Amino acid sequence: MNDLNEAELTGLIHHLNRKKNPDCFEFSVRHENLWTDGLTRKDFLNARAFDKDMQEILKTLDENTPIRVSGILQSSKGSGELYLAVNELQVLNELPDVPENHVTLSGYVHVIKAQNQGENGNGKYTRFAVRQDDAERGRDFIVVRVYDENLRDLLSGLNDDDPVKVIGSLRSSRGSGENYVRCMELAK
């Protein structure tokens, strides 16, 4: 199976003061959308630019500049922190009326044994990871939350190493700030 890993989103640039990795420019994308309760939800989505030219552009952008970024999701080898490795950047004049936030992943199920269930304002969810095997990077484990009851039932029938495809969006936890993929579609 060929692993899919595509993410695209629009939002406002949020500069970070940390410099964990000197080979990249770390920032977050503040993504806002209308939530089911009628309030605007703000997600701060971790991103890293490795291309030197792109880094120079990002450094010149003012805080809250509208941008569109695309790339692949990766997990930090040290902390396991999920981030978007940006391969395309577009500076926008304004954000689209409907913000973009699309993720498509495929790989293999990795069952999370500790704290794989949770509940928050969005409802009950099950956590698992999509494992991707990359010749250059090794293994990546991309954390996914599944809220829909029917999709959680489908997930419960899957085992470690079963092939899986996820379509969803990138989100950040309101409590911890942890980034994850919110699953909207799940297939074997």
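Computed from a predicted structure; not experimentally measured.
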Original post:
Would Leu16 and Phe44 count as a side chain to side chain contact (heavy atoms under 4.5 Å, CB included) if you check the C-alpha gap in whole Å, the side-chain angles of each, and the deciding distance to 0.1 Å?
Top reply: CA-CA 11 Å; Leu16 301 174; Phe44 289 87; over 6 Å; no

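At least one side-chain heavy atom of Arg152 sits less than 4.5 Å from a side-chain heavy atom of Lys124. A heavy-atom distance below 4.5 Å is not found between the side chains of Val111 and Phe128. Considering only heavy atoms from C-beta on, Met54 stays 4.5 Å or farther from Asn87 through its side chain. Annotation: side chain of Thr104 is in contact with side chain of Lys165 (closest heavy-atom distance under 4.5 Å). Side-chain contact between Ile13 and Val91 is absent, with no heavy-atom pair separated by less than 4.5 Å. Counting heavy atoms from C-beta outward, Phe27 and Val86 have side chains that approach closer than 4.5 Å. A heavy-atom distance below 4.5 Å is found between the side chains of Asn101 and Leu45.
Of all heavy-atom pairs between Pro66 and Asn93, the closest is CG-O, 4.1 Å. The heavy-atom pair separating Cys183 from Glu185 by the smallest distance is SG-O, 3.3 Å. Nearest heavy atoms, Asp161 versus Tyr108: O-CD2, 3.3 Å. The minimum heavy-atom distance between Ala49 and Leu58, with the atom names listed, is CB-CD1, 3.5 Å. Residues Asp53 and Asp51 share a closest heavy-atom pair of N-OD2, 3.1 Å. Minimum interatomic distance between Gly11 and Val29 (heavy atoms only, all atoms of both residues): CA-CG1, 3.6 Å.
In this structure, Gln115 places its CD atom where only 12 or fewer heavy-atom neighbours from other residues, nucleotides or ligands lie under 6.0 Å away. Enclosure of atom NZ in Lys188 is not indicated, since only 12 or fewer non-hydrogen atoms of other residues, nucleotides or ligands lie within 6.0 angstrom. Environment of CD in Glu149: sparse, with no more than 12 heavy atoms of neighbouring residues, nucleotides or ligands closer than 6.0 Å.
We find the CG-CD1 distance between Leu89 and Ile67 to be 6.0 Å, quoted to the nearest 0.5 Å. Here the CG-CD1 distance, from Leu186 to Ile167, works out to 10.0 Å after rounding to the nearest 0.5 Å. Note: Leu73 CG to Glu6 CD = 10.5 Å, rounded to the nearest 0.5 Å. Residue His14 holds its NE2 atom at 4.5 Å from OG of Ser28, rounded to the nearest 0.5 Å. Interatomic distance, OG of Ser75 versus CD of Gln132, reported as 9.5 Å (0.5 Å rounding). For the atom pair CG of Leu95 and CG of Asn64, the computed distance is 9.5 Å after rounding to the nearest 0.5 Å.
Proximity of a side-chain donor or acceptor of Asn179 to a complementary backbone N or O of Gly177 within less than 3.5 Å is detected. Arg68 contributes no side-chain N or O that, together with a main-chain N or O of Glu100, makes up a donor-acceptor pair within less than 3.5 Å. With hydrogens and angles ignored, the 3.5 Å screen pairs no side-chain donor or acceptor of Asp140 with any backbone N or O of Gln74. Within the 3.5 Å criterion, the main-chain N or O of Pro99 finds no donor-acceptor partner in the side chain of Glu32. Listed for the His31 side chain is no donor-acceptor partner under 3.5 Å among the backbone atoms of Lys42. A donor-acceptor contact shorter than 3.5 Å is absent between the side chain of Ser172 and the backbone of Asp43.
A chain of hydrophobic side-chain contacts below 4.5 Å, direct or via other Ile, Leu, Val, Met, Phe, Trp or Tyr residues, connects Leu9 to Val144. Both Leu155 and Val181 belong to a single network of hydrophobic side chains, linked directly or stepwise wherever heavy atoms of I, L, V, M, F, W or Y lie under 4.5 Å apart. By the criterion of side-chain heavy atoms lying less than 4.5 angstrom apart, applied directly or through intervening Ile, Leu, Val, Met, Phe, Trp or Tyr residues, Leu105 is not grouped with Ile72; the two fall into different hydrophobic clusters. Under the 4.5 Å side-chain contact rule for hydrophobic residues, Leu84 and Ile57 share a cluster. Linking ILVMFWY residues whenever their side-chain heavy atoms come closer than 4.5 Å, directly or via other members, places Val103 and Leu154 in the same cluster.
Aromatic ring orientation, Tyr83 versus Phe50: tilted (interplanar angle from 30° to 60°). Classified by interplanar angle (parallel below 30°, tilted 30° to 60°, perpendicular above 60°), the ring pair His15/Phe25 is perpendicular.
With respect to the salt-bridge test (charged N to carboxylate O, under 4.0 angstrom), the residues Glu26 and Arg48 qualify.
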